[in-house]
Amino acid sequence: MQVALIGVSGYSGTVLYRLLKQHPAVDQINLYGHVDQVVTPLATVVPAYQKETAMVRPFVATTVMTENDVAFFATSAGVTQTLALPLLKADFPVIDLSGDFRLQDPASYTRWYHRPAAEVAALAKASYGLAEFNHHLTAYVANPGCYATATLLGLAPVVQNHLIDPTSIVVDAKSGLSGAGKKLAATSQFTMVNDNLQLYKLNQHQHIPEIMQQLQAWWPAIPALEFTTTLIPVTRGIMSSIYVKAAQPTTTAALVAQYQKTYQTSPFVQVLPAGELPTLKTVVGSNNCALGINYNPVTKTILIVSVIDNLMKGAAGQAIQNFNQLMNLPQTTGLPTLPTFP
Ligand SMILES: NC(=O)C1=CN([C@@H]2O[C@H](COP(=O)(O)OP(=O)(O)OC[C@H]3O[C@@H](n4cnc5c(N)ncnc54)[C@H](OP(=O)(O)O)[C@@H]3O)[C@@H](O)[C@H]2O)C=CC1
Ligand SMILES: CC(=O)N[C@@H](CCC(=O)OP(=O)(O)O)C(=O)O
């Protein structure tokens with residue numbers, strides 16, 4: 001299969017390239033960059049790939065559709081909706097790692113992304129690719145955000161089965177620096193990140209509407225959620241610590257059994273035994289999401305700890321999972337299931 005990758009020079013695109021290179025169904029990866037870009041060696045835009053001979057060519061939508069069977073966009077929000085629109089209109093298979101087509105309501109996109117949204121008719125052609133629950137994929141797959149992936153996989157069993165007080169969801173999510181992409185910012189300088197923790201986008205994170213959109217599809221009674229994000233001094237990894245009130249008294253064992261039932265056919269979701277909680281190194285380097293569950297009978301609170309590698313399950317790995325499903329391949333094809341421990 002001929003595969004187009006737009007955005008190889010970014011963190012997600014760089015990881016996606018490595019995964020596609022060893023994917024058994026991919027014969028060639030064709031790289032495209034800015035529309036006004038001169039043809040550039042991959043080794044120039046991704047110095048870590050010195051021995052690669054591939055070239056990055058200017059993006060031309062018609063060329064991408066003529067030369068390839070599918071296209072991955074690992075480009076910034078706002079950029080993707082312009083570049084990918086001709087492919088969406090042509091029903092050409094696309095996996096889009098940006099947030100441009102995740103929200104069905106254009107007004108919500110504008111409110112949270114602070115820029116104009118794609119037209120309603122275009123948004124209606126996209127499907128949300130939370131891979132464990134995406135049973136009706138369209139040709140245009142909107143790959144979920146990293147925090148949204150970790151949080152939704154953590155909440156699905158208790159929300160889908162109405163096991164909680166729907167007004168009680170509190171999420172404390174933490175991310176490594178690669179989640180911010182390669183662009184430099186004051187908050188991403190070493191002196192700010194090292195030996196530090198930084199809360200950011202308080203009540204303003206673009207994943208709040210994305211998470212709410214999916215939660216309300218599962219259970220309309222959920223009115224809102226408390227969601228905070230913190231930058232932590234690591235390169236990769238997301239830990240979403242989720243606190244919810246149980247609807248009825250329960251036990252950790254009963255909850256673990258429910259999570260195991262929900263994810264019994266999900267090869268990339270690991271439900272840890274009662275009493276065990278995941279760390280970032282449980283998953284970093286793999287496409288796995290590891291879940292730890294604990295019930296506190298004193299406060300009647302369920303703690304769910306959900307960890308992923310933001311660049312794997314949170315981006316490039318889940319993109320491959322969605323690609324496999326679009327192409328009717330086993331969903332584990334070409335994906336690492338073991339973390340790069342230690
Ligand atoms: N980082 C993460 O953990 C996650 C990221 N995402 C999403 O994935 C996408 C990529 O993220 P990330 O890799 O972190 O971003 P980076 O900032 O690291 O890279 C952005 C990429 O977009 C390209 N790009 C920017 N503008 C244009 C343009 N006008 N034409 C063509 N290419 C362009 C850049 O190319 P160039 O360098 O040449 O400008 C670069 O390849 C984003 O939408 C992000 O929100 C989703 C989940 C997780
Ligand atoms: C640490 C950090 O900055 N993380 C990014 C996550 C971006 C992401 O997941 O991409 P989407 O915007 O496509 O969802 C953030 O909080 O915005």
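Remember, it's 1-based here, ligands and their atoms both numbered in the order they're listed. Any value given below was found using the heavy atoms of this structure, including those in side chains, with hydrogens, waters and symmetry copies removed. Fair warning: this is a prediction, and the values are worked out from it, not measured in the lab.
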Short N or O separations between ligand 2 and the protein, below 3.5 Å:
residue	atom	partner	partner atom	Å
ligand 2	4 (N)	G179	O	3.2
ligand 2	4 (N)	Y200	OH	3.4
ligand 2	9 (O)	C146	N	3.4
ligand 2	12 (O)	Q206	NE2	2.9
ligand 2	13 (O)	R102	NH2	2.8
ligand 2	14 (O)	R102	NH1	2.8
ligand 2	14 (O)	R102	NH2	3.4
ligand 2	14 (O)	H207	NE2	2.4
ligand 2	16 (O)	Y200	OH	2.6
ligand 2	16 (O)	H205	NE2	2.6
ligand 2	17 (O)	K201	NZ	2.7
ligand 2	17 (O)	Q206	NE2	3.0

Tabulate below the donor-acceptor pairs under 3.5 Å that side-chain atoms of residues 155-165 make, not counting sequence neighbours, or state none.
residue	atom	partner	partner atom	Å
N161	ND2	P157	O	2.6
D165	OD1	T167	N	2.8
D165	OD1	T167	OG1	2.8
D165	OD2	T167	OG1	3.2

Legend entry - side-chain hydrogen bond (donor to acceptor under 3.5 Å, both in side chains) partner of N287, chosen from Q321, K313, Q331, Q318: Q321
Inset, instruction - Give yes if a backbone or side-chain nitrogen or oxygen of S12 is under 3.5 Å from a nitrogen or oxygen of ligand 1, and no if not. - result: yes
Inset, instruction - Flag the pair R111 / D105 as yes when at least one side-chain heavy-atom distance between them is below 4.5 Å, and no otherwise. - result: no
Inset, instruction - Examine the proximity of ligand 1 to V79 and report which part, side chain or backbone, both or neither, has a heavy atom under 4.0 Å away. - result: side chain
Legend entry - Nitrogen or oxygen of Y11 less than 3.5 angstrom from that of ligand 1: yes
Legend entry - H205 ring center near Y147 ring center (under 6.0 Å): yes
Legend entry - Non-hydrogen protein atom less than 4.0 angstrom from atom 12 (P) of ligand 1: yes
Legend entry - Numbered atoms and elements of ligand 1 in range of G314, under 4.0 angstrom, heavy atoms: 47 (C), 48 (C)
Inset, instruction - Decide yes or no for V35 and P58: does some side-chain heavy atom of the first lie under 4.5 Å from some side-chain heavy atom of the second? - result: no
Inset, instruction - Could you tell me the residue and atom name of the protein heavy atom closest to atom 15 (O) of ligand 1, and the distance to it rounded to 0.1 Å? - result: G181 CA, 4.0 Å
Legend entry - Any N or O of V35 closer than 3.5 Å to N or O of ligand 1: no
Inset, instruction - Identify, for atom 43 (O) of ligand 1, the protein heavy atom at the shortest distance, and state residue, atom and that distance. - result: T75 O, 2.8 Å
Inset, instruction - Enumerate the atoms of ligand 1 whose separation from the nearest heavy atom of L311 is less than 4.0 angstrom. - result: 1 (N), 2 (C), 3 (O)
Legend entry - Region of A74 engaging ligand 1 - heavy atom pairs below 4.0 Å: backbone
Inset, instruction - Can you pull out the closest protein heavy atom to atom 17 (O) of ligand 1? Residue, atom name and distance to 0.1 Å, please. - result: K182 N, 3.6 Å
Legend entry - Contact (N/O only, under 3.5 Å) between G7 and ligand 1: yes
Legend entry - Residues Q81 and Y113: side-chain donor-acceptor under 3.5 angstrom: no
Inset, instruction - Do me a favour and list the nearest non-hydrogen protein atom to atom 34 (C) of ligand 1 with residue, atom name and distance? - result: S9 OG, 3.9 Å
Legend entry - Proximity to ligand 1 by part of A77, non-hydrogen separation under 4.0 Å: backbone
Legend entry - side-chain hydrogen bond (donor to acceptor under 3.5 Å, both in side chains) against Q260, all qualifying residues, sequence neighbours excluded: none
Inset, instruction - Using a 4.0 Å heavy-atom cut-off, say whether S175 meets ligand 1 through its side chain, its backbone, both or neither. - result: neither
Inset, instruction - Please state whether the rings of F133 and H135 are parallel, tilted or perpendicular, taking 30° and 60° as the class boundaries. - result: perpendicular
Legend entry - Between Y128 and Q213, a side-chain donor and acceptor under 3.5 Å: no
Inset, instruction - Indicate the atoms forming the closest heavy-atom contact of G154 with Y259, along with that distance. - result: O-OH, 2.7 Å
Inset, instruction - Please indicate whether any nitrogen or oxygen in K183 is less than 3.5 Å from any nitrogen or oxygen in ligand 1. - result: no
Legend entry - Apart from I232 itself, residues in the same hydrophobic cluster as defined by side-chain heavy atoms under 4.5 Å: V170, L197, V234, M239, Y243, L277, L280, V283, V284, L303, V305, V307
Inset, instruction - Give the C-alpha distance, both sets of side-chain angles, the deciding distance and a yes or no for side chain to side chain contact (heavy atoms under 4.5 Å, CB included) between Y49 and T14. - result: CA-CA 9 Å; Y49 294 169; T14 297; 3.2 Å; yes
